[in-house]
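Please read the structure below before turning to the comments.
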Amino acid sequence: MIYLRFLALRLFAFVPFGFRHGFATWIIACVAALTAGAASAQQPLPPGVPEKMPADIPYGTPISLDLARQAVEAAFAEASKRGWKMAIAVVSPSGDLTYFAKMDDTMLASPTIAQNKARTAARFRRDTKGMFDLTETGHPYVMTLDPTLVASPGGMPIISEGKVIGAIGCSGGAGVQDAVVCQAGIEALIRK
């Protein structure tokens, strides 16, 4: 860049006085074009940096009460069939509770955990198992992102027409059991 400016000044000295204004305008335009072109050229990314953003799914219209109820009822049926006592929550994309059910004798901590799993899945637009995997592979910073974040399987975004419309969270069993129950709720909506 400095070399281009030096070259422009050197050339300017040889231009007859009457043409200097036009020449200066032309040189400024050329330098600006070259600078803009160099600035807009994308620099290669450092190793390990993904080209696309993870979980870049747009948010859609929040899930309706009726669809949320259907997801919870399907998840509830799956948990009942297996004899697992669960709390099941469906939230909107912002993480606000839309529908909730808790089975008798469910662990007392489960209602809050289920809602936080659903909130995590909705707001971060990804399965909470992914958060669990990050913490397990040496990325504990994940737990500092949000005080309500849950890094445990059993929270899944609900995606309709390529957009996040909410999420379902289940708690009461082992994380893998919670995930099975959530998946039943998701599948009930997919079949519709």
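Only a predicted model underlies this, so the values are computations on that prediction, with no experimental measurement involved.
Val150 and Ile168 end up in different hydrophobic clusters when Ile, Leu, Val, Met, Phe, Trp and Tyr side chains are linked at under 4.5 Å. Cluster annotation: Met156 and Met131 are assigned to distinct hydrophobic clusters (Ile/Leu/Val/Met/Phe/Trp/Tyr, side-chain heavy-atom contacts under 4.5 Å, transitive). Criterion: ILVMFWY side-chain heavy atoms under 4.5 Å apart, direct or through other members. Under it, Val164 and Phe124 are not part of a common hydrophobic cluster.
The existence of a salt bridge linking Asp133 and Lys129 is confirmed by a sub-4.0 Å separation between a basic side-chain nitrogen and an acidic carboxylate oxygen. Residues Lys117 and Asp178 are paired through a salt bridge, judged by an N-O separation under 4.0 Å between the basic side chain and the carboxylate.
Expressed to the nearest 0.5 Å, how far CD1 of Ile113 lies from OG of Ser152 amounts to 8.0 Å. Atom OG1 of residue Thr112 and atom CZ of residue Arg119 lie 9.0 Å apart, to the nearest 0.5 angstrom. Rounded to the nearest 0.5 angstrom, Gln177 CD and Cys170 SG are separated by 11.5 Å. Note: Leu149 CG to Thr128 OG1 = 9.0 Å, rounded to the nearest 0.5 Å. Rounded to the nearest 0.5 Å, atoms CG (Asp105) and OG (Ser110) are 11.5 Å apart. The OG atom of Ser92 lies 10.0 Å from the OH atom of Tyr59; values are rounded to the nearest 0.5 Å.
Residues Ala167 and Ala118 come closest through the heavy atom pair CB-O, 3.2 Å. Nearest heavy-atom pair across Arg82 and Val180 is NE-CG1, 3.9 Å. When all heavy atoms of Ala179 and Pro153 are compared, the pair lying nearest together is CB-CB, 4.3 Å. Of all heavy-atom pairs spanning Thr137 and His139, the tightest one is OG1-ND1, 3.2 Å. In this structure, Val181 and Met86 approach most closely via the heavy-atom pair CG2-CE, 3.9 Å. The shortest heavy-atom contact between Gly155 and Cys182 is N-SG, 4.3 Å.
Panel note: side chain Thr98, backbone Leu65; no donor-acceptor pair is recorded below 3.5 Å. Here the side chain of Thr144 pairs a donor or acceptor atom with the backbone of Tyr141 at under 3.5 angstrom. For Arg125 (side chain) and Ala55 (main-chain N/O), a donor-acceptor pair under 3.5 Å exists by modelled atom type. Under the 3.5 Å distance criterion, the side-chain polar atoms of Lys163 are left unmatched by any main-chain donor or acceptor of Ile57. Between the side chain of Thr106 and the backbone N or O of Lys102 there is no donor-acceptor pair closer than 3.5 Å.
Evaluation of the side chain to side chain contact (heavy atoms under 4.5 Å, CB included) rule for Ala184 yields Glu78 as partners, not counting sequence neighbours. Residues meeting the side chain to side chain donor-acceptor pair (under 3.5 Å) test with Thr148, sequence neighbours left out: Asp146.
Between Val72 and Phe100 the shortest side-chain heavy-atom distance does not fall below 4.5 Å. Using a 4.5 Å heavy-atom cutoff, the side chains of Asp127 and Phe132 are not in contact. Using a 4.5 Å heavy-atom threshold, the side chains of Lys85 and Met107 count as separate. Between Ile158 and Leu189 the shortest side-chain heavy-atom distance falls below 4.5 Å. The closest side-chain heavy-atom distance from Ile165 to Ile159 is not below 4.5 Å. Within the 4.5 Å cutoff, no side-chain heavy atoms of Ser94 are placed close to those of Arg123. Within the 4.5 Å cutoff, the side chain of Leu97 has no heavy atoms near those of the Val90 side chain.
For Asp56, the CG atom counts as densely surrounded, since its 6.0 Å shell holds more than 12 non-hydrogen atoms of other residues, nucleotides or ligands.
Applying the under-4.5 Å side-chain rule to Ile, Leu, Val, Met, Phe, Trp and Tyr, the cluster around Val49 extends to Leu45.
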